[in-house]
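Okay, structure first, notes after.
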Amino acid sequence: MSIADNIASVRGRIADAAKRAGTAPEGITLIAVTKTVDSSAVREAIAAGITDIGENYVQDAAKKFDEIGREVRWHMIGHLQKNKVRQAAPVFDVIQSVDSLALAEEIGKRAEAEVLIEVNISGEESKFGVSPEEALPLCERVASVPGITLAGLMGIGPLSADEGSVRKSFARLRSLWEKLPAENRVFLSMGMTGDFETAIEEGSNMVRVGTAIFGPRRY
Ligand SMILES: *Cc1c(COP(=O)(O)O)cnc(C)c1O
């Protein structure tokens, strides 16, 4: 299977899940996650219609951005340290991993950026993201930071869990998202290779897919 075949298959599965959810598949953004993937594979994905790229590491993204540029939208989906914001700001259109006011303020100083608040919906200790209880108060504060446009929420489902608890985590993120003011309720970013169909059924409008497009990662 080529990258283009994989993308067609993922798009088919997105369309089926959207149908089950009663939403239009065109309203769901597919982000191709390209960590550890080289630029030629990224280009193949773009040739197959991918418009949004997700990266976890600032340095890797900056290198690919230099080669590919603004023909796609760049999403930061990995943990972002404050001291990397200066390097990240010129690359990323959307920073999905904001989990503190201090980080949002640092981003606001450097760039006009769209940000999502990352919420820890799995309860797994190793994960980044703000707790569900703290999410809405943080959203309110981030939304008023100059230079920042708050555009929604991002979450990572529990890794080794049964479908029921994955679904519950996604439903929880969706219910938080629905409490945001309309202007901040643009993207609900949830769902990866193993769970994007469940995420769409629970209201996701932005899925982040790596393995199902590019194959297993080789570090
Ligand atoms: C790596 C990663 C993905 C993609 O994971 P796959 O399981 O390969 O689809 C999505 N979101 C985040 C935050 C990631 O780090």
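Order of listing sets the numbers, starting from 1, for every ligand and every atom in it.
Screening Q96, E118, H75 for a side-chain hydrogen bond (donor to acceptor under 3.5 Å, both in side chains) involving S189 leaves a single residue, Q96.
Side-chain atoms of L30 and D52, non-hydrogen and from C-beta on, never get closer than 4.5 Å to each other.
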Sequence neighbours left out, cut at 3.5 Å: what donor-acceptor pairs do the side chains of residues 134-146 make with other protein atoms?
| unit_1 | atom_1 | unit_2 | atom_2 | d |
| --- | --- | --- | --- | --- |
| E134 | OE1 | S131 | OG | 2.8 |
| S144 | OG | R141 | O | 2.9 |

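Under the 30°/60° scheme for interplanar angles, the aromatic rings of W74 and F65 are found to stand perpendicular.
Heavy atoms of other residues, nucleotides or ligands lying less than 6.0 angstrom from NZ of K35 number more than 12.
No donor-acceptor contact under 3.5 angstrom links the side chains of D195 and T198, judged on distance only.
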Can you produce the list of protein nitrogen or oxygen atoms under 3.5 Å from a nitrogen or oxygen of ligand 1, alongside each distance?
| unit_1 | atom_1 | unit_2 | atom_2 | d |
| --- | --- | --- | --- | --- |
| ligand 1 | 8 (O) | T211 | N | 2.8 |
| ligand 1 | 8 (O) | T211 | OG1 | 2.5 |
| ligand 1 | 8 (O) | R217 | NH1 | 2.8 |
| ligand 1 | 8 (O) | R217 | NH2 | 3.2 |
| ligand 1 | 9 (O) | T193 | N | 3.0 |
| ligand 1 | 9 (O) | T193 | OG1 | 2.5 |
| ligand 1 | 9 (O) | G210 | N | 2.8 |
| ligand 1 | 11 (N) | R208 | NE | 2.9 |
| ligand 1 | 15 (O) | K35 | NZ | 2.7 |
| ligand 1 | 15 (O) | N56 | ND2 | 2.7 |

